[in-house]
Number of protein chains: 2
Amino acid sequence: MRRDSEFDPQDFLPYLLNQAAEALSLEFQRHYRGQYGMLRTEWRVLFHLGCYGEMTAKEICVRGRLHKTKVSRAVAALHRKRFLTRRELERDRRHAVLQLTALGQRVFTDLSRDAHAFDSEVRAAMTPDEATILHRCLIRIARFEAAQRTE
Amino acid sequence: MRRDSEFDPQDFLPYLLNQAAEALSLEFQRHYRGQYGMLRTEWRVLFHLGCYGEMTAKEICVRGRLHKTKVSRAVAALHRKRFLTRRELERDRRHAVLQLTALGQRVFTDLSRDAHAFDSEVRAAMTPDEATILHRCLIRIARFEAAQRTE
DNA sequence: GCTTGTTAGTTACATTTACAACCAATAGTT
DNA sequence: AACTATTGGTTGTAAATGTAACTAACAAGC
C-alpha cells in the first residue's frame, strides 16, 4: 500500500547501510562481548593497538574517528582488565602511550582470528569483484563529510 | 609501525561498514534533528509510515528490524508531537493502527525531499554500476543472520 | 467457565552514550 | 615571568538504549 512515489526505505543509503552495519556488528560482538566482556569501543581500541602497535589515545581518536571521551573510557576499562599499559611521555606529560600487555596481545590475537574468519564468511556471500567495489564505496562514504566529527 | 600481519581495520567489514553508516547517519540526522527535534528511531518510524502508509507498531518492528521497545517509545514521541494518530482495532484491541496526521505528512514530505537529495549526493560519488553493486551487497549483508534480532 | 499459552505493546531499571565542563601540561605572546 | 590559547585527557550529568519484567487482549484446550 504505497502512499507517495518518494522512495523505499530500502533504497535510502543511510538506512540500508545502517541495517547492514548493525547486522554485522551485533553478530560479531558476540565474540568480544561473550568471551571477554568487552564493549564495542573497547574492542576497537584493542584492535587498533593490536594492528598498529603502541600509540596515544589521541591517535586512536583520529584513526578510528572516535570521540575522545569514548576512547578515554574504553582505555580505562581495558586498563582495569590488564589488557594495556599506559606510559607517560617525558617530553610532554599530557600524552600517554598505550601498549598492549602480553594478556592484551593474546586476546587480540584470538579475536583477530575470529574477525578474520567472520570477514571471510561475509565475503563468501559475494564475488571478489563485488567485494572490491563494496570496499571502495564504503571507504569513499566513510570519508564523506567526516571532517568535523573526529574531535 | 605494524605489529602483526593480521589485517588492517580498514579491511574488516563490520568496522568499515560502521564507519560509513555512522558518517551518513550523523550527517543526515541534522535534518530531522535540527528541524524537528526528532531522534533516529522516530525518523525511521515516520519514514515507514510515510512510505508505506498506515500500519501497526509490530509491522514497523518487522519491516525496520527494530526492537518493539524502541518503536514503542518512538511512537509515543511522535504522538506527543502530533505527527501520528493511533486507532485501536475493534477485532483485536491489542493492535493499534498508526497513521500520520496532516502535520506528520508534511514533515515526512519535507524530510523525504531532503533524504532524496542527500541520497543523490552520496550516489554522485560513485558510478551507477558501483551504486547497484553496493546496494545489492548491503541488502545481502543486512539479511545476514538477522533472524533473531527482530523481536 | 477456567487454565495455559501467545501476542502487541508498555514500563522499570541498568548500561551506554553524548555533551559540556573541567583539569593539567604545553605553546605562544608580550 | 605573566597571560592567554590550545591540547590531551578525564569526569559529571542528562539523554538514549537494551533487557527483562510486566499488562492486557486474545486463543486454545479442557
Side-chain angles (χ1 to χ4, degrees), chain A residues 18 21-23 25-27 29-30 32-34 37-45 48-49 54-80 84-98 148-151, chain B residues 18 21-23 25-27 29-30 32-34 37-45 48-49 54-80 84-99 146 148-151:
Chain A
N18 223 303
E22 203 66 3
S25 285
L26 277 169
E27 186 59 28
Q29 87 168 331
R30 301 193 317 169
Y32 55 77
R33 188 153 196 161
M38 272 165 49
L39 258 30
R40 195 138 96 198
T41 318
E42 293 172 47
W43 155 239
R44 287 222 213 161
V45 168
H48 273 272
L49 290 173
E54 58 177 40
M55 61 174 91
T56 68
K58 175 72 194 207
E59 278 176 79
I60 297 176
C61 291
V62 175
R63 277 181 187 276
R65 290 163 197 273
L66 292 163
H67 194 270
K68 58 183 181 173
T69 59
K70 259 178 143 175
V71 172
S72 174
R73 287 195 244 249
V75 165
L78 292 172
H79 192 241
R80 265 195 305 278
L84 58 77
T85 55
R86 35 198 332 167
R87 176 168 44 82
E88 282 196 351
L89 279 187
E90 271 150 43
R91 61 164 181 80
D92 186 342
R93 291 211 311 286
R94 285 171 305 183
H95 298 256
V97 176
L98 307 168
Q148 73 275 33
R149 274 187 302 284
T150 48
E151 150 67 330
Chain B
N18 224 303
E22 203 66 3
S25 285
L26 277 169
E27 186 59 27
Q29 90 168 332
R30 302 194 316 170
Y32 55 77
R33 187 152 197 163
M38 273 165 51
L39 256 33
R40 195 137 99 197
T41 317
E42 294 174 45
W43 155 239
R44 287 221 212 164
V45 168
H48 274 271
L49 290 172
E54 58 177 41
M55 62 173 88
T56 68
K58 174 72 195 204
E59 278 176 80
I60 297 176
C61 291
V62 176
R63 277 181 186 277
R65 289 162 198 273
L66 292 163
H67 195 270
K68 58 183 179 173
T69 57
K70 259 179 143 176
V71 172
S72 174
R73 290 195 251 245
V75 165
L78 292 172
H79 192 244
R80 266 195 305 278
L84 58 77
T85 56
R86 32 199 334 168
R87 176 168 43 82
E88 282 196 350
L89 277 186
E90 271 150 44
R91 62 165 180 79
D92 187 341
R93 290 210 312 286
R94 286 172 305 182
H95 297 257
V97 176
L98 307 168
Q99 187 175 15
Q148 74 275 35
R149 275 186 300 284
T150 49
E151 151 73 340

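The basis for the numbers below is simple: all heavy atoms, side chains too, and nothing from hydrogens, waters or symmetry mates. Just so it is clear: chains get the letters A, B, ... in the order the sequence lines come, proteins before strands, and each one is counted from 1.
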Value for OG1 (T56(A)) from CG (L89(A)), rounded to nearest 0.5 Å, stands at 8.0 Å
To the nearest angstrom, the CZ-C1' distance between R93(B) and dT6(C) comes to 18 Å
Separation between CD (E90(B)) and CD (E88(B)), nearest 0.5 Å, reads 9.5 Å
Under a 4.0 Å heavy-atom criterion, the protein footprint on nucleotides 9-18 of chain C, written with B, S and -, is BBBB---S-B
When rounded to whole Å, the CG to C1' distance for the pair D92(B) and dA27(D) reads 10 Å
Does the pair R65(B)/E22(A) count as a salt bridge with the N-to-O cut at 4.0 Å?
no
Here the distance between atom C1' of dA24(D) and atom CG of L89(B), to the nearest Å, is 15 Å
message: Whether the side chain of S72(A) engages the backbone of K68(A) through a donor-acceptor N/O pair (distance < 3.5 Å, no angle test) should be reported.
response: no
To the nearest angstrom, the CD-C1' distance between E88(A) and dA25(C) comes to 10 Å
Note to self: Do M55(B) and R63(B) make a side-chain contact, defined as non-hydrogen atoms from C-beta onward lying under 4.5 Å apart?
What the structure shows: yes
One should read off an interatomic distance between R87(B) CZ and Q99(B) CD, to the nearest 0.5 angstrom, of 6.0 Å
